[in-house]
2 protein chains.
Amino acid sequence: MTATIKDVAREARVSVASVSRALNGTGGVTPATAQRVREAAARLRYVPHSAARSLITRRTHAVGALMPDLHGEFFSELIRGIDLEARSHGLHLLVSSSHNGTEDAAAALRAMQGRVDGIVILSSPRVDAEFLKANLPDGLPAVLLNSDVRAGAVVLNIDNFAGTYAMVRHLVGLGHSRIAFISGPKDNFDAQQREAGFRAAMGELVPKAPLRIVAGDFGEASGYQAGLELLASKTRPEAVFAANDMMAVGCLQAFKEAGVDVPGEIALAGFDDIPIARYVTPPLSTVRVRIAELGKNAMDLLADLMDRPGLSAASVHTLGCDIVVRESCGANRGGAAASTSTSTTKKIRDPSNR
Amino acid sequence: MTATIKDVAREARVSVASVSRALNGTGGVTPATAQRVREAAARLRYVPHSAARSLITRRTHAVGALMPDLHGEFFSELIRGIDLEARSHGLHLLVSSSHNGTEDAAAALRAMQGRVDGIVILSSPRVDAEFLKANLPDGLPAVLLNSDVRAGAVVLNIDNFAGTYAMVRHLVGLGHSRIAFISGPKDNFDAQQREAGFRAAMGELVPKAPLRIVAGDFGEASGYQAGLELLASKTRPEAVFAANDMMAVGCLQAFKEAGVDVPGEIALAGFDDIPIARYVTPPLSTVRVRIAELGKNAMDLLADLMDRPGLSAASVHTLGCDIVVRESCGANRGGAAASTSTSTTKKIRDPSNR
DNA sequence: GAGCCGAACGTAAACGTTTTCACGAACGCT
DNA sequence: AGCGTTCGTGAAAACGTTTACGTTCGGCTC
């Protein structure tokens with residue numbers, strides 16, 4: 001059926017060994033014969049059998065991406081970043097997404113055993129340290145994304161802390177001090193870090209302001225509820241900072257229905273910069289996460305790890321966020337230029353320029 | 001290092017053949033020995049080497065997904081649908097996205113050679129019939145998505161034609177007859193079909209109405225421009241139907257800036273039902289494409305094809321769309337119930353119930 | 001009790017590569 | 001001129017499975 005290395009060898013009148021050497025660019029072959037082999041291979045449309053190669057090489061030239069069941073932009077951008085970088089490393093990408101339970105993820109992990117040379121794992125609350133210890137085939141290079149596992153692994157995190165901190169600084173710079181926070185799910189790693197960043201920033205920047213935190217779950221409805229709750233309180237906040245954009249959007253809706261002007265009466269900010277953020281009215285100020293870059297960096301870390309011998313150096317890396325200033329926080333009325341606040345966290349002016 | 005079938009054989013005191021038979025459920029082995037083998041395998045944490053298996057079996061138990069460089073919801077939902085269904089078939093998913101040029105896609109196609117048992121290809125303008133004939137390894141089962149290739153392939157398309165037709169019917173039912181259309185890129189297959197559906201619907205439902213079509217490119221800016229152009233015309237349309245949501249959003253922005261009330265003065269509709277659609281004001285009526293289902297169906301077709309011997313029956317399938325009625329078309333003021341218009345195309349009432 | 005048949009199991013070949021090793025030939029050196 | 005070294009090449013082993021083919025053995029029929 002399909003041509004094999006023997007066919008090429010016969011066609012080029014050399015041994016299979018020479019064909020292998022010529023095609024792989026391993027030395028030890030004359031330019032002339034290399035050329036002859038290449039021609040023969042092209043003539044026969046020869047493409048090496050990857051399984052046979054993997055069998056002896058112990059390398060699959062593929063990496064896996066394991067992620068929980070998530071929709072939308074985050075998923076696609078992450079895959080995009082990983083895929084692009086993987087291809088530039090000559091690697092294939094095996095995707096296994098949409099896992100809910102631990103046993104689901106464990107099965108996927110097992111199934112990837114031997115099919116990939118490394119793996120990028122996007123953590124969910126269920127996928128924690130002991131889960132990985134139990135299910136991750138040891139010796140398999142892995143990079144963990146947004147994980148609180150700190151022991152013996154390579155971890156790459158979004159700098160949620162710095163992001164929230166910078167946004168609080170921005171809001172404070174605008175003159176607000178009574179800033180309320182809508183938090184995310186208790187078991188979510190990003191949510192925890194964002195709340196921590198908020199607490200730290202408030203404590204350091206406006207230490208005498210009251211700390212108001214209302215619970216949310218990253219869903220739009222919980223943001224709406226939080227908005228109602230905040231409106232009902234005796235002293236309304238000057239600004240509301242939601243731990244993600246969906247909640248900010250829900251909160252905005254509550255404000256709108258109550259006839260509260262944003263940002264006139266209350267300023268509003270979110271986190272993530274989902275596409276919707278720039279299309280609500282007023283456009284939402286938020287913290288942008290460069291997700292594709294997160295994927296790219298994860299893939300780079302993984303590639304490094306795979307080149308390394310067995311030595312898997314544990315390390316923690318972070319990827320900075322950008323403050324994107326639109327109208328919902330009230331800073332963008334005039335034409336003030338953007339300024340950089342941190343080395344990793346840039347401030348961007350984005351006047352909903354659709 | 002890792003346990004091999006020989007180790008299991010030794011541990012279970014049988015031959016490697018029996019191990020293979022026991023673990024694969026091929027007959028010819030006593031329940032007792034099968035049990036013994038399973039225990040030994042579990043004890044050694046044995047997992048069969050997939051490359052070795054593929055080498056002799058000529059099966060990889062993996063399918064590929066080849067897609068152009070696209071962002072956002074469409075990508076993630078499609079992958080999601082494919083992945084879920086692939087896993088339920090016991091197949092792995094090899095993703096290769098973000099291809100721009102033909103040579104890029106050709107390389108990806110070649111690289112997948114031998115790594116997958118079948119492939120799902122999402123067409124882009126560059127990937128046409130002769131490209132596939134030239135680059136698709138023959139004998140490799142393939143399912144084409146949103147493709148105008150009709151010869152010798154299995155094709156699954158969104159029913160753009162019926163979708164646009166149904167939306168026009170809906171607008172006409174609302175009393176509009178001067179309906180303008182903002183078209184998509186000329187070389188885009190979906191855009192072509194949507195325009196064809198619009199022309200057909202207008203010709204049949206309101207034959208005496210003038211046919212107004214202004215050119216767009218699926219981008220938001222082009223929708224904005226089209227909006228301006230329509231406002232400037234001597235007889236303004238009663239309704240505007242954009243070939244996709246992004247253009248409808250741009251158009252809406254133009255109307256807003258001009259102080260034109262939507263849907264009061266002009267009704268507006270889009271196509272795709274991107275997440276943003278429900279968050280603009282007024283929420284956008286549109287045609288929903290069930291993308292995850294598209295992916296699932298594609299995977300099912302592919303699985304069928306792979307089970308088949310060599311006989312690759314060419315066929316064309318379509319997936320219906322849903323009309324989702326929000327406020328931008330003016331139908332949703334009252335509380336009218338939803339009605340079904342076609343067997344494949346349902347009409348949904350969706351009053352922006354965030 | 002001889003013959004036979006089918007089931008359970010083992011032996012070994014095969015799948016298509018890479019890589020180690022051996023073998024010449026060519027070459028530069030004393 | 002002889003020798004050692006390098007270099008290009010080929011033969012063959014190895015990777016871990018599946019499976020075709022024997023072989024054994026127990027139980028059945030006459």
Side-chain angles (χ1 to χ4, degrees), chain A residues 1-38 40-41 44-62 90 92 110-111 113-117 137 139, chain B residues 1-38 40-41 44-62 90 110-117 137 139:
Chain A
M1 212 50 41
T2 155
T4 163
I5 199 175
K6 283 186 185 169
D7 302 324
V8 178
R10 193 176 329 112
E11 177 86 6
R13 313 178 141 277
V14 291
S15 72
V16 292
S18 293
V19 174
S20 176
R21 286 188 278 248
L23 261 32
N24 290 332
T26 339
V29 88
T30 286
T33 60
Q35 176 66 11
R36 210 164 69 240
V37 168
R38 272 194 301 269
L44 298 180
R45 277 192 168 69
Y46 167 71
V47 28
H49 195 292
S50 56
R53 190 197 295 240
S54 308
L55 179 56
I56 184 104
T57 308
R58 329 290 281 150
R59 284 229 148 210
T60 64
H61 293 284
H92 292 257
R110 225 167 344 193
Q113 169 89 289
R115 304 191 81 104
V116 298
D117 298 333
Chain B
M1 213 51 36
T2 156
T4 162
I5 198 175
K6 283 186 185 168
D7 302 325
V8 179
R10 192 176 329 111
E11 177 86 7
R13 315 178 137 276
V14 291
S15 72
V16 291
S18 293
V19 175
S20 175
R21 285 188 279 249
L23 261 31
N24 291 332
T26 340
V29 88
T30 287
T33 61
Q35 176 67 10
R36 211 166 66 242
V37 168
R38 273 193 301 267
L44 299 180
R45 280 193 166 67
Y46 167 70
V47 28
H49 195 290
S50 56
R53 191 197 294 243
S54 312
L55 180 58
I56 185 109
T57 309
R58 330 288 281 147
R59 284 229 150 211
T60 64
H61 292 285
R110 226 166 343 190
M112 279 201 177
Q113 169 88 289
R115 305 191 82 102
V116 297
D117 298 333

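Quantities reported herein were computed from a predicted structural model and do not represent experimental measurements. Letters A, B, ... are given to chains in the order of the sequence lines, protein chains preceding strands, and every chain is numbered from 1.
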Quick check for you: among [options], whose closest atom lies nearest to any side-chain atom of [X]?
X: A:Leu55; options: C:dT11, D:dG16, D:dT9; answer: D:dG16
X: A:Val14; options: D:dG10, C:dC15, C:dT17; answer: D:dG10
X: B:Val16; options: C:dT18, D:dT18, C:dG16; answer: D:dT18
X: A:Arg21; options: C:dT17, C:dT19, D:dT19; answer: C:dT19

Are [X] and [N] close enough that a side-chain N or O sits under 4.0 Å from OP1 or OP2?
X: B:Thr30; N: C:dC9; answer: yes
X: B:Ser18; N: C:dG10; answer: yes
X: A:Thr33; N: D:dT9; answer: yes
X: B:Ser15; N: C:dT11; answer: no
X: B:Thr57; N: C:dC15; answer: no
X: A:Ser20; N: C:dT18; answer: yes
X: A:Arg58; N: D:dG16; answer: yes

Problem set entry | Donor-acceptor pair between B:Arg110 and B:Gln113 side chains, under 3.5 angstrom |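 No - no donor-acceptor pair under 3.5 Å links their side chains.
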Could you tell me the separation between the [atom1] atom of [X] and the [atom2] atom of [N], rounded to a whole number of Å?
X: B:Ile56; N: C:dT17; atom1: CD1; atom2: P; value: 14 Å
X: B:Gln35; N: C:dA8; atom1: CD; atom2: C1'; value: 17 Å
X: B:Gln113; N: C:dG16; atom1: CD; atom2: P; value: 13 Å
X: A:Lys6; N: D:dA12; atom1: NZ; atom2: P; value: 12 Å
X: A:Ile5; N: D:dA14; atom1: CD1; atom2: P; value: 19 Å

Exercise. For DNA chain C, whose closest nucleotide is more 5', that of B:Gly27 or that of A:Val19?
Worked result: B:Gly27
Exercise. Does A:Ala17 or A:Ala51 map to a spot on DNA chain C nearer the 5' end, using the closest nucleotide for each?
Worked result: A:Ala51
Exercise. For A:Thr60, does its backbone N or O pair with a side-chain atom of A:Ser54 as donor and acceptor, under 3.5 Å?
Worked result: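 No; zero donor-acceptor contacts below 3.5 Å.
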Exercise. Should A:His49 and B:Arg58 count as side-chain neighbours, where that means a heavy-atom distance under 4.5 Å?
Worked result: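 Answer yes - side chains close enough.
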